[in-house]
Number of protein chains: 2
Amino acid sequence: MKVLIVDDDRTLADLLAFTMRRSGFEPIMAFSAPEAIRVFEVQPVDVVILDVNMPGEPGLRDGFDVCQQIRKTSDVPIILLTVRDDEEDVVSGLSMGADDYVLKPFSPRQLVARVKSVLRRSSPKGHIAEEPFTFGEIKFDPNRREFLRPGGSPETLTRLEALLLEYMMLNAGQILPAENIISHVWGPDGGSTEMLRQLIRRLRMKIELDPTKPELIQNLPGIGYGFKA
Amino acid sequence: MKVLIVDDDRTLADLLAFTMRRSGFEPIMAFSAPEAIRVFEVQPVDVVILDVNMPGEPGLRDGFDVCQQIRKTSDVPIILLTVRDDEEDVVSGLSMGADDYVLKPFSPRQLVARVKSVLRRSSPKGHIAEEPFTFGEIKFDPNRREFLRPGGSPETLTRLEALLLEYMMLNAGQILPAENIISHVWGPDGGSTEMLRQLIRRLRMKIELDPTKPELIQNLPGIGYGFKA
DNA sequence: TACATTTGTGACAAACCTGTGATAATTGTT
DNA sequence: AACAATTATCACAGGTTTGTCACAAATGTA
C-alpha cells in the first residue's frame, strides 16, 4: 500500500514517512509541487498526503494545484495538511477534489486513522461492510441505515440518525455523555445540546413503539443518552 | 482510571494532580525521567502526562526519552506538556509516539479535555466508562449515578449528589475538610457551607436507611464530612 | 451552665434540563 | 430550476435540581 507524501518541510515529511511506514504503508516522497506531479506520473500510489502550503512554479503554485492536477486523471484519495487557521484552505481543497484533511499539528494516530478512513471509503473492492447490530429481535444495518424491530415497520434512518444510533449501539447498555455524542456525530467543534435533542427526538420517532415512553433510548439528566441493551 | 503525571516542577505537578483527581482520575506522580520509568514499570496507568523539559540522566535525559522508552512496551496514551515556542519539540515528541500535546500555560479544563480526548480516541468504542464503587454490598455506579444498598431501593442521584458521593467514596474512611468538598463539587470559587449542608442532607435522604441516624455519611464538627468505609 | 457556633431540617424561589412543535435554512435528487 | 428531504434554529412548557432563607437541634468552649 503506497502513500505519496508531498511536503517541502523535510522534517515533517520524514515524520510522516516514519508514521506511515510504522503503520504498514510504503512512503513515496516529494518535496515540491512539480516533483509531486512527476513522481505521481511514474509511480502509482494508493493515497496522497498533500501539504497545502508549499513552493511551486507557474501552473503548479501550491498543494491545491497539485490536488487539482491529480484529480484530472485519477480518483486516488487525497488528504490535505493545513494549519489550524486556514479553514478556507480546507473548503477550497475539498472543492478541488480532496477527500479529507488533517490540521497541523496532528498526532500520528489521528493521521493514520484518517488515511485508513479515506481508503475504506474510496475503495469499491476494499470496502468491508459493517456488521449489522442485533439486540434480540432488533436489528440495525449501518450500511443501509435500516432499522427493524418487531411491532414496528422498517425504518430508513438519515445520515445523522444512523451515526447517532450506531454510536449508541456500539456502547449499548451505557449512558454516553452528551458531549461525547455531539463530538462523534458533528465533529470536534460542531453540534450543540439543542441539535442533539432534536436528533434524539427524530430518532425516537422512528425507532420507538411509543416515542413519548421511550424504551430503547434512555436519558440520564445532566449526563446524556444511551441505548438500552 | 489512573494517570501518571511526570514533571519536575512540584507545584505544577500538584496542580495537575488536583485537576485530574477532580475529574475522576487517580493521579500517580513522578518528578524525574528515571522515576517515571520506575513508576511506570510497577504501576499500570491509563494515560501519561509528560513534561518535556525535565532533568534526567544518561539514557533518560528528558521527557522525550521517557516517551520513547514507554512506547517500546506500551500503547498507553501519552500527552506532552511543552512551552509555546517549541513546535519542534512537538514534532519530535509526536514522532516518538506521543498522542497529543498541551502548550503551557494551559487551563485545567483544556488539559482534562485533552486527556479525555486521547482516551476516547484510543478506545475502540469511543467511550470510557468509570469503574463502579463497591463497599461490601453497597454499590455506586458513577456512570448511571445509581446507588444500591441492601435494605434500600435503588436511588438515582442528581449530578451534584453524585459528585459529592464519588468524592467521598474516592476518599472513603476519611473526614474531608468542608472547603475541599465545596471546591470539588462547585469549583474553586463556587459553593458555600450552606449549600454543602443542603446537599449532604439530600444525599443522606437518598442513601441512608435512617437519615436522622446517618451511618454512611459522617460529620466531624468544625472539620467536614466523610464516607464511612 | 451559658452562650456561641455548627449542623440539621423544612420550605419556597430560581435555574436548569429535556421534550415538543414549528419554521427557516441547507442539502440532495431529478 | 423545482421539489423533497434533512438538518438547524427558535420558542415554549413541564418536571427536576439547585440555591437561599429561616429556624431548630446539637455540639463545643469558656
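FYI, side chains are in, hydrogens and waters are out, and symmetry mates aren't considered; it's all heavy atoms of this structure. Here is the naming used below: chain letters follow the sequence lines, and residue numbers restart at 1 for every chain. Computed from a predicted model, the values in this text were never measured in an experiment.
Taking only side-chain atoms of B:P221, from C-beta outward, the nucleotide of D:dA11, D:dA8, C:dT7 with the closest atom is C:dT7. Which of C:dT20, C:dG19, D:dT18 sits closest to the side chain of A:R204 comes down to C:dG19. With distances taken from any side-chain atom of A:R201 to the nucleotides C:dT20, C:dG8, D:dT18, the minimum falls on C:dT20.
Close to D:dA8, at under 4.0 Å from its OP1 or OP2, lies a side-chain N or O of A:W186. For the pair A:Y225 and C:dG19, the criterion of a side-chain N or O lying under 4.0 Å from OP1 or OP2 is met. Residue A:T158 places at least one side-chain N or O closer than 4.0 Å to OP1 or OP2 of D:dT7.
Protein atom CZ of A:R145 is 10 Å distant from nucleotide atom C1' of D:dT6, rounded to whole Å. In this structure, A:L203 atom CG and C:dG19 atom P are separated by 12 Å, rounded to whole Å. Protein atom CE of B:M195 is 20 Å distant from nucleotide atom P of C:dG10, rounded to whole Å. Residue A:L199 contributes atom CG, which lies 15 Å from atom P of C:dT20 at whole-angstrom precision. A straight line from CD of A:E161 to P of D:dA5 spans 13 Å, rounded to a whole angstrom. What separates CG of A:L220 from C1' of C:dG19 is a distance of 16 Å, to the nearest Å.
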Run the numbers on B:R144 and B:E146 for salt bridge (Lys or Arg N to Asp or Glu O under 4.0 Å), then give the verdict.
-> CA-CA 5 Å; B:R144 301 185 158 270; B:E146 197 160 68; 5.7 Å; no
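Heavy-atom contacts from other residues, nucleotides or ligands closer than 6.0 Å to CD of A:Q43 number more than 12.
Residue A:L157 is out of contact with every strand shown, counting any heavy-atom pair closer than 4.0 Å. At the heavy-atom level, A:L196 lies nowhere under 4.0 Å from the strands shown. Residue contacts shown for B:T212 are limited to sugar-phosphate atoms, with no base heavy atom under 4.0 Å away. If you check every strand for non-hydrogen atoms under 4.0 Å, A:R202 touches a base.
Below the 3.5 angstrom threshold, one finds no donor paired with an acceptor across the side chain of A:Q198 and the base of D:dT7. A donor-acceptor contact under 3.5 Å is formed by the side chain of B:R197 with the base of C:dG8.
Nearest-nucleotide assignment on DNA chain C puts the 5′-proximal partner with B:T193, out of B:T193 and B:M205.
By the 4.5 Å heavy-atom criterion applied to side chains, B:L81 and B:L50 are not counted as neighbours.
Ring-plane geometry between A:F140 and A:F133 is classed as parallel, the angle between the planes falling under 30 degrees on a 0 to 90 degree scale with a further cut at 60.
Shortest non-hydrogen contact noted between A:I181 and A:Y167 is CA-CE2, 3.8 Å.
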